[in-house]
Amino acid sequence: MYSVYEQITEQIKTVIKNAINQAVSNGELPEADIPDIMLEKPREEAFGDLSTNLAMQMAKPVKMAPRHIAQSILKHINTEGTFINKVDVAGPGFINFYLNNEWLYKTLRLIDERQEGYGEINIGNGEKVMVEFVSANPTGPLHMGNARGGALGDCIASVLEKAGFDVTREYYVNDAGNQMEKFGISLEARYLQQLKGEDSIPFPEDGYHGEDIIDHVKDYIKEYGSNLLDKSPEERRKALIEYALPRNLKRIHDGLTRYRINYDVWFRESTLYESEIEETINLLKERGYIIEKDGALWLNGEKAGLEKDEVLIRQNGFPTYMAADIAYHRNKFIKRGFDRVINLWGADHHGHVARMKAAMEAIGISKDRLHIVLFQLVHLYKNGEIARMSKRTGRTISLDDLLDEVGIDAARFFFNMKTSGSHLDFDMDLAVEQSNNNPVFYVQYAHARICSILRKLAEENIKRIPSEKVNLTLLTQPEELALIKKLAEYPEEIRMAAQTLEPSRLTHYVMDVASGFHSFYNACRVKGEDEDLLQARLFLIHCTKIVIKNVLDLIRIDAPEKM
RNA sequence: GUGCCUGUAGCUCAGCUGGAUAGAGCAACGGCCUUCUAAGCCGUGGGUCCGGGGUUCGAAUCCCUGCAGGCACGCCA
């Protein structure tokens, strides 16, 4: 069992179905298919713990007033042997279920039993899922878009792991194609400028203008001098790329490691050029999706359901980015056998979504197996205004700069506070603020506070007694019950986060748990209460600590024992 | 021009597979430390859910339309 909630949901559904069958056999309700029973937590506490709109949904097929249907169901409901305390009908025809506290106590025992496993569910059944994220061009440093995509992608992967999927984290290294050409040309131009003067050669308009290109070249010259001046341009570029690319990759790798992102696979685009792109084109040819036009090979847009044809192999014989990307996804699905693939892309790539999905169908893969999570761009705010450049270096702010300034915890938490689809304003001042304004501290403080109580009790030699000896029924204060209810929701939160691919609900959730704990802390004492109550509350904060820790571990931020 | 995303409290945003009186945090205002961390808690005020139609017993949520902001429409990636 993953959650008591799950068990209750089943109980209620069974109870309702039985009641309907009773009512039908008594002739009170006409025979009809029972729709899927939807249970949800009512907004108002006064409406019970769980509620269903079933009677309203049945109104039309059954041709009876919703309230009347609800009453008939209510009349035959038998709650014996369940957690249900009371049932009533309210509003336009809601059936509200009120639970007895037993389920809450059972939830605490479950948390204690499962420990770090509490929250894990199994909707994935070990299905193989790849999450591919960041995949920044290795031509320069990581920027804010990569920072957001990184935090998001890593948390999506973690959520899916908790939800029972077999997850692989992957970074696609774009070390081939046109941009490597541009990288080489840019390096070469800077190299010549360094050695022969700024004006010796104009810098290519579509080259990489970043300062980092100049840094590579300066370092190269420091090490190897001007040995490339009398080489052919091809050799020169090759040598410079071979020097700079590993440096960039190392920097990206180290930056992401520092950011607590660890990939299972670094997949190199260049490996696709050995044979897979060709194989992919052949596959598309066989399936009749390739047309020849203007000396190039195109994906047949009409057949694929796209607005226009897309070039796959250029006139000059080189494959386009899209051809490589199709081959890459063929590799993911067909060669490596992933059931589902999730890609995180900046919103500026949204135009590519429909194309890739169509391409999947063209190679015989259902487009539903490919999920694209688009995330909106980030604006950094500092001192109330948009910050684009690092004051220190005068360059665009990199992931490393951000981590230097706000720390890893704040960055990972803040990037997961908003849904991926919404624009994100990152307030750098708030992120370093040590106050209740800062949600990261708010949550971490709750954890530290619990640890502090545990320490204080330990100083007095008070320890938890075995859980079966704790009398949890002593937990009856509203703050205690509210807190346990929050803790009970965690597996459900994981399920929702996994289904929607939105880990942002977990940062909100853990803030709620922290809030519930702080309220409890101000209303109830642990230390100094009589033995039985002390043990019950000790058990409660022990469970609260487990849940907060579990969520923070999932987001991969610290859960400090002291602050 | 065509397509996609966004528009909810002063600010930042949840809610969006239709449900009960639209929520949270921050900001504002007023309270709470002789007791386990006040980096905390409790309370008050605050809304044309961008506008206009439609579907429905019921719409912030679905459909149509208009407006505003962002993005994409390359033999770039």
Side-chain angles (χ1 to χ4, degrees), chain A residues 38 40 42-44 46-47 51-53 56-57 59-60 65-67 90-94 96 135 137 139 174 177-179 182 206 269 293-298 307-308 310-325 346-355 374-377 381 417-427 430 433-446 448-457 459-460 479 499-500 502 504-505 508 511-512 514-515 517-529 534 537-538 541 562-563:
Chain A
M38 307 278 281
E40 57 176 26
R43 193 161 38 76
E44 299 278 335
F47 297 139
S51 174
T52 181
N53 61 353
M56 280 110 93
Q57 290 190 312
K60 194 162 260 179
R67 275 198 74 105
F94 290 101
N96 294 333
S135 301
N137 286 342
T139 52
N174 301 121
N178 218 357
Q179 64 197 351
K182 265 166 45 180
D206 60 345
E269 180 185 359
K293 191 168 64 177
D294 307 329
L297 294 184
W298 305 65
E307 283 176 16
K308 53 189 180 59
E310 298 290 339
V311 177
L312 296 180
I313 305 292
R314 298 187 182 91
Q315 236 174 18
N316 63 14
F318 289 114
T320 59
Y321 170 83
M322 189 175 172
D325 215 16
D348 52 339
H349 289 75
H350 71 79
H352 195 49
V353 176
R355 288 200 289 272
L374 295 174
F375 56 92
Q376 296 291 331
L377 304 182
Y381 280 82
M417 286 200 326
K418 306 289 160 68
T419 54
S420 50
S422 69
H423 295 266
L424 191 146
D425 292 327
F426 194 116
D427 184 338
L430 177 61
E433 206 171 301
Q434 307 213 345
S435 78
N436 60 344
N437 295 350
N438 185 339
V440 186
F441 279 82
Y442 182 82
V443 173
Q444 291 180 323
Y445 182 55
R449 245 184 172 177
I450 294 172
C451 294
S452 173
I453 300 174
L454 298 176
R455 269 197 307 274
K456 281 281 185 333
L457 291 172
E459 282 167 17
E460 297 179 17
E479 290 82 3
Q499 281 172 348
T500 59
E502 284 290 0
S504 62
R505 46 185 317 129
H508 290 116
M511 284 159 76
D512 279 351
S515 168
F517 168 73
H518 287 311
S519 295
F520 159 80
Y521 181 90
N522 277 272
C524 308
R525 295 189 56 78
V526 182
K527 202 170 145 241
E529 296 290 348
L534 184 150
R537 287 184 175 163
L538 179 51
I541 66 169
K562 266 186 197 171
M563 285 173 79

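Just so we're on the same page: letters track the sequence lines, and every chain starts at 1.
- In this structure, the nucleotide among B:C75, B:U37, B:U35 sitting nearest to the side chain of A:K562 is B:U37.
- Looking at the side chain of A:T320, the nearest of the listed nucleotides B:C36, B:A77, B:A20 is B:A77.
- Separating the CD atom of A:Q376 from the P atom of B:C13 is a distance of 11 Å, rounded to the nearest angstrom.
- With B:C75, B:C13, B:U37 as the candidates, the nucleotide lying closest to the side chain of A:K418 is B:C13.
- Between A:R314 and B:G74 there is no side-chain polar atom (N or O) within less than 4.0 angstrom of OP1 or OP2.
- Candidate nucleotides B:U37, B:U12, B:C41 were compared by shortest atom distance to the side chain of A:D425, and B:U12 ranks first.
- Taking a pair to require two hydrogen-bonding distances under 3.5 Å in either a Watson-Crick or a G-U wobble arrangement, B:A39 remains unpaired.
- At a threshold of 4.5 Å between non-hydrogen side-chain atoms, the residues A:L454 and A:L538 count as touching.
- Atoms CE (A:M417) and P (B:C11) sit 18 Å apart, rounded to a whole Å.
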side-chain contact (heavy atoms from CB on, under 4.5 Å) assessment of A:R455 paired with A:S452: CA-CA 5 Å; A:R455 269 197 307 274; A:S452 173; 3.6 Å; yes

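- Heavy atoms of A:R355 sit under 4.0 angstrom from at least one base atom.
- Note: NE2 (A:H352) to C1' (B:C5) measures 18 Å, nearest angstrom.
- Counting non-hydrogen atoms under 4.0 angstrom, A:C451 reaches nothing in the nucleic acid.
- Distances shown here put a side-chain N or O of A:Y442 below 4.0 Å from the OP1 or OP2 atom of B:C41.
- The CZ atom of A:F318 sits 15 Å away from the C1' atom of B:C76 (whole-angstrom rounding).
- Following rounding to the nearest Å, A:L377 (CG) and B:C4 (P) show an atom-to-atom distance of 19 Å.
- Remark: A:S515 is not in phosphate contact with B:G25, judged by side-chain N or O atoms under 4.0 Å from OP1 or OP2.
- In this structure, B:G47 forms no base pair with any nucleotide, since neither Watson-Crick nor G-U wobble geometry is met with both distances under 3.5 Å.
- Distance, A:Y521 OH to B:A38 C1': 9 Å, rounded to whole Å.
- Looking at heavy-atom distances under 4.0 Å, A:N178 makes contact with sugar-phosphate atoms alone, never a base.
- Here B:A22 sits opposite no nucleotide as a Watson-Crick or G-U wobble pair (both hydrogen-bonding atom distances under 3.5 Å).
- A:A59 comes within 4.0 angstrom of no nucleic acid atom, judged by non-hydrogen atoms across all strands.
- Within the nucleic acid shown, A:D294 comes within 4.0 Å of at least one base atom, counting heavy atoms only.
- Across all strands, A:S51 comes closer than 4.0 Å to base atoms (heavy-atom distances).
- No side-chain N or O of A:Q376 forms a donor-acceptor pair with one of A:S422 less than 3.5 Å apart.
- At a cut-off of 3.5 angstrom, the base of B:A14 holds no donor-acceptor pair with the side chain of A:D512.
- Of the P atoms belonging to B:A60 and B:A38, the separation is 42 Å, rounded to the nearest Å.
- Here the side chains of A:E460 and A:K527 are in contact, with some heavy-atom distance below 4.5 Å.
- Distance A:K182 NZ to B:A77 P: 8 Å, rounded to the nearest Å.
- For B:C41, its base never sits under 3.5 Å from the side chain of A:H518 at any donor and acceptor pair.
- Side-chain atoms of A:R455 lie closest to B:U37 of the nucleotides B:U37, B:A77, B:C42.
- The side chain of A:A90 lies closest to B:A20, out of B:A20, B:U37, B:C75.
- With P as the reference atom, B:G10 and B:C50 are 13 Å apart, rounded to whole Å.
- In this structure, A:T320 and A:I313 have side chains that are not in contact, with every pair of non-hydrogen atoms separated by 4.5 Å or more.
- Of all nucleotides present, only B:G3 satisfies the Watson-Crick or G-U wobble test against B:C71, with each distance under 3.5 Å.
- Residue A:S452 is in base contact, counting any heavy-atom pair closer than 4.0 Å across all strands shown.
- Distance from the side chain of A:H350 is smallest for B:G3 among the nucleotides B:G3, B:U37, B:C42.
- Of the candidate nucleotides B:A72, B:A38, B:C75, B:A72 has the atom nearest to the side chain of A:D348.
- Computed from coordinates, the A:F520 CZ to B:C42 P distance equals 14 Å when rounded to whole Å.
- Here B:A39 is the nucleotide among B:A14, B:A39, B:C71 with the atom lying nearest to any side-chain atom of A:Y445.
- A ring-centre distance under 6.0 Å is found for A:Y321 and A:H352.
- Phosphate contact (OP1/OP2 of B:U37, side-chain N/O of A:K456, threshold under 4.0 Å): present.
- With hydrogens and angles disregarded, no donor-acceptor distance shorter than 3.5 Å links the side chain of A:E310 to the backbone of A:W298.
- A cation-pi contact, defined as under 6.0 Å to the ring centre and within 45° of the axis, links A:R449 to A:Y521.
- Taking the O4'-C1'-N9-C4 or O4'-C1'-N1-C2 dihedral as appropriate, B:C73 has a value more than 90° from 0 and is therefore anti.
- Using a distance-only test at 3.5 Å, with no hydrogens or angles considered, a donor-acceptor pair links the side chain of A:Q315 to the main chain of A:D294.
- Residue contacts for A:E40: at a heavy-atom cut-off of 4.0 Å it reaches no nucleic acid atom on any strand shown.
- Residue A:T419 places no side-chain N or O under 4.0 Å from the OP1 or OP2 atom of B:C13.
- Checked against B:C36, B:A72, B:A77, the side chain of A:V526 finds its nearest nucleotide in B:C36.
- Heavy atoms of A:G421 sit under 4.0 angstrom from primed sugar atoms or phosphate atoms, though from no base atom.
- Within 4.0 Å of A:Q315, counting heavy atoms only, lies at least one base atom of the nucleic acid.
- Interface remark: the A:H508 side chain does not form any donor-acceptor pair with the B:G25 base, using a distance-only criterion of under 3.5 Å.
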